[in-house]
Trainee: 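Here it is: the structure, laid out below.
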There are 4 protein chains.
Amino acid sequence: MAYKSTTKDAGKVPEKILQTAINVFAAKGFGGARVDEIAKDAGVNKASIYYHIGDKEALYKEVLNRVFAGAAQAADDNISSGKPVEEKLKGHIRSVIKNAVSIENFAPLLMREVASGGENMPREALAQMGRVIQALKEIVDEGVKKGEFREVNLFALHIMVIGGLNFYIAGKNIRKQVAGKMDGKTASMALLPVEEMTEEVAKIALSALKKPDTTPRHITQKNSNIDMEID
Amino acid sequence: MAYKSTTKDAGKVPEKILQTAINVFAAKGFGGARVDEIAKDAGVNKASIYYHIGDKEALYKEVLNRVFAGAAQAADDNISSGKPVEEKLKGHIRSVIKNAVSIENFAPLLMREVASGGENMPREALAQMGRVIQALKEIVDEGVKKGEFREVNLFALHIMVIGGLNFYIAGKNIRKQVAGKMDGKTASMALLPVEEMTEEVAKIALSALKKPDTTPRHITQKNSNIDMEID
Amino acid sequence: MAYKSTTKDAGKVPEKILQTAINVFAAKGFGGARVDEIAKDAGVNKASIYYHIGDKEALYKEVLNRVFAGAAQAADDNISSGKPVEEKLKGHIRSVIKNAVSIENFAPLLMREVASGGENMPREALAQMGRVIQALKEIVDEGVKKGEFREVNLFALHIMVIGGLNFYIAGKNIRKQVAGKMDGKTASMALLPVEEMTEEVAKIALSALKKPDTTPRHITQKNSNIDMEID
Amino acid sequence: MAYKSTTKDAGKVPEKILQTAINVFAAKGFGGARVDEIAKDAGVNKASIYYHIGDKEALYKEVLNRVFAGAAQAADDNISSGKPVEEKLKGHIRSVIKNAVSIENFAPLLMREVASGGENMPREALAQMGRVIQALKEIVDEGVKKGEFREVNLFALHIMVIGGLNFYIAGKNIRKQVAGKMDGKTASMALLPVEEMTEEVAKIALSALKKPDTTPRHITQKNSNIDMEID
DNA sequence: AATGAATGAGGTTTCATTCAT
DNA sequence: AATGAATGAAACCTCATTCAT
């Protein structure tokens with residue numbers, strides 16, 4: 001039973017419940033989350049949750065829908081920008097991650113869902129995941145057609161970017177602990193703010209995608225064809 | 001019906017419990033796992049778990065230790081091989097993932113732990129994570145020193161590889177569902193066996209790392225063919 | 001969607017509530033009935049029930065009063081008819097059952113009340129029950145005085161008729177299931193319409209009451225034919 | 001999940017739970033009964049009920065099975081006695097009611113089940129109900145064949161006896177209240193012990209069944225045939 | 001008169017853990 | 001070592017009732 005948000009009060013109580021539920025589910029997982037805790041944290045009576053939204057499972061699905069809603073939109077918006085491909089690729093990564101970060105605890109939620117085999121993923125949320133991949137595909141295709149990108153396994157690139165960065169975001173605590181045992185320089189690479197790490201990841205992705213600069217080095221030009229065959 | 005210890009598997013009860021616990025914790029998470037289920041699946045009496053191992057939390061920690069034990073060893077073994085850097089890099093990725101795959105449900109366990117902020121990670125397991133990163137660092141450093149690799153953010157590379165591939169492994173179910181809505185060619189990229197996807201990821205990692213070939217091309221040309229065969 | 005009182009059925013809301021409550025209480029019992037369900041089925045807001053009638057118990061008492069109100073009246077009406085005793089006896093049974101049937105779900109309500117020891121029976125409803133027995137007593141007394149009936153335990157007759165027929169009516173579902181396992185002829189006796197079963201019961205009651213014919217047989221022979229026409 | 005009674009301790013705890021559950025369900029109905037109350041009255045931990053028997057519904061079904069188990073057996077035993085039909089008929093009624101009375105609260109349980117449409121009746125219990133009717137049929141058939149009984153609607157007779165007497169038993173409280181308002185003689189008929197009322201009912205049933213004495217009145221012999229047709 | 005929302009109390013069920021054997 | 005049984009605590013959910021509008 002989905003809650004009805006009215007234009008008037010923007011669904012004050014359901015909104016509060018949902019926001020709280022996102023955090024609790026992300027922190028504890030579905031099995032570990034307690035409806036009691038969500039109610040208490042949201043400052044509403046437990047029965048209100050059932051009145052407005054439904055049972056624990058319905059609440060969780062609502063949370064997932066809410067949480068994945070922005071990602072696809074962000075990816076779509078980026079595509080329709082008229083930027084050059086290389087910028088589009090960076091923009092894709094930035095916008096998807098920006099969305100993820102903007103929703104507190106998006107990353108752990110995603111990871112738990114993936115870990116559980118997507119048992120609770122509403123079909124809507126799955127479709128949105130697909131749209132993000134589709135957006136990446138369009139960018140890479142465009143780059144390849146323009147001769148700027150080489151062909152790569154799209155999905156490999158996708159999981160490295162999305163999986164990697166969400167790992168990074170969700171794993172903040174673990175990173176800190178692991179970094180504590182590494183030398184300063186290495187540790188500093190593990191403790192970058194998300195925005196900077198996003199740029200690092202984007203850089204690596206681009207390095208992998210871009211054809212070795214063809215224009216200036218007329219000597220290596222022929223060799224680049226060999227590279228293509230190798231990859 | 002009930003688990004009976006024979007002379008053959010005498011003393012193996014903890015082993016059976018542990019193996020079962022790995023699967024149940026991976027599938028349901030700590031909060032969602034049921035001691036009852038673990039006991040039933042393991043074919044032992046519930047009280048046996050408490051007798052042999054301890055409470056639910058102790059069991060979980062035992063599971064994490066067990067599961068992370070192999071990863072560091074695999075990474076270390078790879079480093080001490082005398083192979084060329086490029087091969088070492090590939091070997092690193094392959095061996096770490098091979099270990100992950102060899103333990104059924106390693107991936108979801110790791111992802112849940114990361115998602116929960118490593119609340120239950122024993123210090124030992126954290127140290128092993130650090131060793132894996134250290135191993136990657138040694139490889140990259142070697143490559144940079146030899147002029148074959150450019151400098152990249154080590155940790156970015158690490159999470160892209162580890163995060164990405166564990167995402168891929170754990171997300172099998174979700175992938176299938178998402179792939180079902182994509183065009184055939186794109187879908188096929190999302191449905192590769194883990195081993196092949198590992199190679200794709202390794203390839204992308206290498207593309208990002210390798211300096212655009214500076215040495216005379218005609219010499220390395222033959223070697224590149226060897227690479228192709230290997231992949 | 002919600003129940004809206006129009007000028008036409010103004011003041012009809014309590015009526016709607018009561019009618020619905022009869023059905024729900026009959027189907028589920030007091031403990032099993034839900035105020036929510038009554039409100040929904042009646043098409044009114046739950047708070048309306050409290051506004052118009054009162055709490056659940058008050059509603060239930062109202063239902064009992066309503067439901068038993070007609071029975072006594074029907075029995076009284078039958079007595080003051082000038083018919084011969086034998087006809088009066090049949091008329092008694094017919095009218096009481098006719099009333100029971102006319103109120104959907106009268107039978108299960110009565111049975112649940114009896115089963116619960118009449119915990120909720122309002123004193124008024126109890127008085128009405130008494131009047132039905134009193135009516136039967138007057139008929140039997142008249143028959144005995146006229147030498148047509150033998151003396152029987154009045155109350156035994158009463159419960160056999162009322163208990164039996166309400167059992168029959170309320171037990172429709174069970175009868176169907178039990179009859180499914182009996183031979184065709186026996187089953188058909190268990191599946192008569194209530195009106196026909198009422199006649200069967202009346203016939204048995206009369207057989208038990210009527211004195212074995214003492215008057216010269218050849219005189220009454222014709223009357224027996226009249227009976228046939230009546231039945 | 002049915003409990004397993006062992007020969008050793010005769011299922012001490014489950015037995016206690018069941019006996020208590022019979023009383024509570026009979027007194028309050030399924031919806032009104034509280035698992036808490038059953039546990040408390042039985043002197044066991046609430047969770048024990050779930051461990052030994054299952055959830056509330058399973059417990060209720062177990063209760064119904066238990067409660068209906070004896071009735072069919074009693075009816076069957078009576079049939080195989082070599083007594084004359086008239087005695088058999090009385091014996092049938094006596095034995096079935098004796099069983100009903102021997103299980104405290106059988107009557108209200110039966111009535112509630114009938115009232116609810118037999119929603120929870122296990123198929124086994126339904127079969128036992130059928131056997132009771134079958135037993136009655138055999139008695140009546142024997143009487144008819146021997147020329148001692150007239151043909152009547154078997155099912156009508158059955159419900160009058162079973163419905164009536166269970167009404168009587170379950171309605172003890174209500175009877176007292178109603179009788180309080182009746183004249184002494186009538187009231188006394190409503191307050192007989194069950195055994196005596198059983199005899200009254202048996203008497204009425206026999207009056208209805210028995211052919212008007214055929215032997216002495218050789219004149220009416222032909223007319224009796226007419227009676228048969230009429231009834 | 002009507003209604004959406006709120007809520008305390010209590011209902012059923014589950015679960016990790018312990019006990020007795 | 002092993003196990004059936006027991007159990008307190010708490011989890012999820014429901015419901016009759018009331019409140020504010």
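Per chain, numbering begins at 1; letters A, B, ... match sequence-line order.
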Trainee: Counting Watson-Crick and G-U wobble pairs only, both distances under 3.5 Å, name the nucleotide matched with F:dA2, or none.
Mentor: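 The base-pairing partner of F:dA2, which may sit in any strand shown, is E:dT21.
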Trainee: C:I49 CD1 to F:dC15 C1': how many Å, rounded?
Mentor: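 In whole Å, F:dC15 C1' lies 13 Å from C:I49 CD1.
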Trainee: Would you mind reading off the distance between A:F30 atom CZ and F:dC12 atom C1', rounded to a whole angstrom?
Mentor: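 The answer, rounded to whole Å, is 10 Å.
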Trainee: Give the rounded distance in Å between these two atoms: CD1 of A:I53 and C1' of F:dT14.
Mentor: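 It works out to 17 Å between those atoms.
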Trainee: Is the distance from OP1 or OP2 of E:dG4 to the nearest side-chain N or O of A:H52 less than 4.0 Å?
Mentor: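 No, because none of the side-chain N or O atoms of A:H52 sits under 4.0 Å from OP1 or OP2 of E:dG4.
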Trainee: Assuming nearest nucleotide by heavy-atom distance, tell me which of A:N45 and D:K46 is located more 5' along DNA chain E.
Mentor: A:N45
Trainee: For D:R34 and E:dG10, is the shortest distance between a side-chain N/O and OP1 or OP2 below 4.0 Å?
Mentor: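 For E:dG10, neither OP1 nor OP2 has a side-chain N or O of D:R34 closer than 4.0 Å.
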Trainee: Side-chain contact, heavy-atom cut-off 4.5 Å: B:V35 with B:Y50?
Mentor: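 Yes. Closest side-chain heavy atoms under 4.5 Å.
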Trainee: Roughly how many Å is it from CD in B:E15 to P in F:dA1, rounded to a whole number?
Mentor: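 After rounding, the gap between these two atoms is 15 Å.
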Trainee: What is the distance from NZ of D:K12 to C1' of F:dG4, rounded to the nearest Å?
Mentor: 16 Å
Trainee: Short question: side chain of A:K56, backbone of A:A33 - any donor-acceptor pair under 3.5 Å?
Mentor: yes
Trainee: Is D:V24 close to D:K40 at the side-chain level, that is, under 4.5 Å between some pair of heavy atoms?
Mentor: no
Trainee: Starting at CD of A:E104, measure out to CD of A:Q19 and round the result to the nearest 0.5 Å.
Mentor: 9.0 Å
Trainee: Let me know the distance between CD of A:E37 and P of F:dA10, rounded to the nearest Å.
Mentor: 14 Å
Trainee: Does C:R112 pair with C:E119 as a salt bridge, N-O distance under 4.0 Å?
Mentor: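 Salt bridge: no.
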Trainee: Considering every strand shown, what is the Watson-Crick or G-U wobble mate of E:dT13 when both distances are under 3.5 Å?
Mentor: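 Paired with E:dT13, as far as the under-3.5 Å criterion goes, is F:dA10.
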Trainee: Using whole Å, report how far NZ of B:K40 lies from P of E:dA16.
Mentor: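 After rounding, the gap between these two atoms is 14 Å.
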Trainee: Scan residues 55-65 of chain C against DNA chain F and write down, sorted by residue number, each residue with any heavy atom closer than 4.0 Å; if none is found, say none.
Mentor: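 Contacts with DNA chain F under 4.0 Å: C:D55, C:K56.
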Trainee: Within less than 4.0 Å of OP1 or OP2 of F:dT14, is there a side-chain N or O belonging to A:Y50?
Mentor: no
Trainee: Counting C-beta onward and ignoring hydrogens, is there a side-chain heavy-atom pair between B:F25 and B:L59 closer than 4.5 Å?
Mentor: yes
Trainee: Looking for any heavy atom pair under 4.0 Å, which part of the strands does D:A33 touch: base, sugar-phosphate only, or nothing?
Mentor: sugar-phosphate
Trainee: On DNA chain F, nearest-nucleotide positions of A:A47 versus B:Y51: which is more 5'?
Mentor: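 Result of the comparison: B:Y51.
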Trainee: Could A:K61 and A:E57 be called an ion pair, given the rule that one side-chain N must be under 4.0 Å from one carboxylate O?
Mentor: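 Looking at A:K61 and A:E57, the cut-off is met.
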Trainee: Rounded to the nearest Å, what distance is computed from the CG atom of residue A:D36 to the P atom of nucleotide E:dA9?
Mentor: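 Going from A:D36 (CG) to E:dA9 (P), I get 14 Å.
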